[in-house]
Amino acid sequence: MMTWLSAAIGAAALAFGAAPAETPETAPPMVRIAEIEIDPGQLEACKAILAEEQEASVRLEPGVLMLHSVALADDPTKIRLLEVYASRAAYEAHIKAPHFLKYKTSTEKMVRSLRLLETKPILLCAKSEGRKGGDVLCM
């Protein structure tokens, strides 16, 4: 039962611009871009480890919404990842997952540089059935 005091505190918080507590359903997605440069002599091995980690993350972690990796056309040792998590909490859980920790330790000596870019999503859209089409889903 809400008391008059808790109701007053809640009303005051709203009046002063305090946002309601985030829930998993209302938390904004977290989107990052990772810029990675790989030792050319270890590129194929690194790509295989990365592919294994990406697939496991999307399959096993509900908060990992998508992970896309591409290599620059003019320099395949420069890999870019687009990472989309349901929330910052989902990202925090991801970096503690066993498959992610395996990836980090396995590629530690393969990665020459890593730059993580925080972003503010504008709109994320995808076809619900990938290449087959389907409804367009945006968040």
Side-chain angles (χ1 to χ4, degrees):
M1 181 173 176
M2 186 182 298
T3 67
W4 70 270
L5 180 59
S6 61
I9 291 170
L14 287 175
F16 287 104
E22 287 181 356
T23 66
E25 293 80 28
T26 63
M30 180 183 164
V31 180
R32 284 182 111 128
I33 296 170
E35 298 178 340
I36 305 170
E37 186 171 352
I38 308 300
D39 175 358
Q42 301 187 66
L43 181 60
E44 293 309 312
C46 188
K47 286 177 11 183
I49 295 166
L50 175 61
E52 179 182 311
E53 190 279 328
Q54 281 184 257
E55 188 281 329
S57 294
V58 174
R59 180 173 39 84
L60 297 172
E61 298 179 60
V64 177
L65 303 181
M66 74 175 80
L67 295 173
H68 297 292
S69 58
V70 296
L72 299 186
D74 61 348
D75 187 350
T77 66
K78 293 182 179 171
I79 295 174
R80 302 298 183 257
L81 291 136
L82 176 63
E83 308 173 10
V84 182
Y85 304 95
S87 64
R88 179 159 291 280
Y91 167 74
E92 296 294 335
H94 168 68
I95 62 174
K96 295 174 185 165
H99 47 271
F100 178 79
L101 295 172
K102 177 183 173 189
Y103 157 77
K104 286 299 279 185
T105 57
S106 299
T107 61
E108 187 174 37
K109 292 189 168 109
M110 300 175 176
V111 174
R112 286 187 168 174
S113 68
L114 169 64
R115 183 174 173 217
L116 301 173
L117 304 169
E118 294 291 330
T119 70
K120 291 189 181 214
I122 297 169
L123 186 64
L124 305 170
C125 292
K127 290 180 168 70
S128 63
E129 297 181 39
R131 292 181 184 195
K132 294 178 186 177
D135 294 336
V136 174
L137 305 174
C138 296
M139 71 166 129

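What you are looking at is a predicted structure, and each value in this text was computed from that prediction instead of being measured.
- Scanning for side chain to side chain donor-acceptor pair (under 3.5 Å) contacts around T119 gives an empty result, with sequence neighbours left out.
- Of the inter-residue distances, the one linking L67 atom CG with R32 atom CZ reads 11.5 Å to the nearest 0.5 angstrom.
- No more than 12 heavy-atom neighbours from other residues, nucleotides or ligands sit within 6.0 angstrom of CD on E108.
- The shortest side-chain heavy-atom distance between Y85 and L65 does not fall under the 4.5 Å cut-off.
- For the pair K109/D39, no side-chain contact is recorded, criterion being any heavy-atom separation below 4.5 Å from C-beta on.
- Residue K104 holds its NZ atom at 11.5 Å from OG of S106, rounded to the nearest 0.5 Å.
- Separation of atoms CD1 (I36) and OG (S69) is listed at 8.5 Å; rounding is to 0.5 Å.
- More than 12 non-hydrogen atoms from other residues, nucleotides or ligands lie less than 6.0 angstrom from CG of L123.
- The OH atom of Y103 lies 8.5 Å from the CD atom of Q54; values are rounded to the nearest 0.5 Å.
- Environment of CZ in R115: sparse, with no more than 12 heavy atoms of neighbouring residues, nucleotides or ligands closer than 6.0 Å.
- Under a 3.5 Å cut-off, the side chain of T105 and the backbone N or O of K102 do form a donor-acceptor pair.
- Judged by distance alone, the side chains of E61 and H99 do bring a donor and an acceptor atom under 3.5 Å apart.
- Atoms CD and CZ, on E118 and R88 in that order, are 5.0 Å from each other to the nearest 0.5 Å.
- Counting only heavy atoms from C-beta outward, the side chains of L50 and T107 never approach each other to under 4.5 Å.
- A continuous path of ILVMFWY side-chain contacts below 4.5 Å connects I33 to M66, so both sit in one hydrophobic cluster.
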Without placing hydrogens or testing angles, list every side-chain donor-acceptor pair under 3.5 Å for residues 70-78, not counting sequence neighbours.
residue : atom : partner : partner atom : Å
D75     : OD1  : T77     : N            : 3.2
D75     : OD1  : T77     : OG1          : 2.6

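- Between S128 atom OG and D135 atom CG the span is 4.5 Å, to the nearest 0.5 Å.
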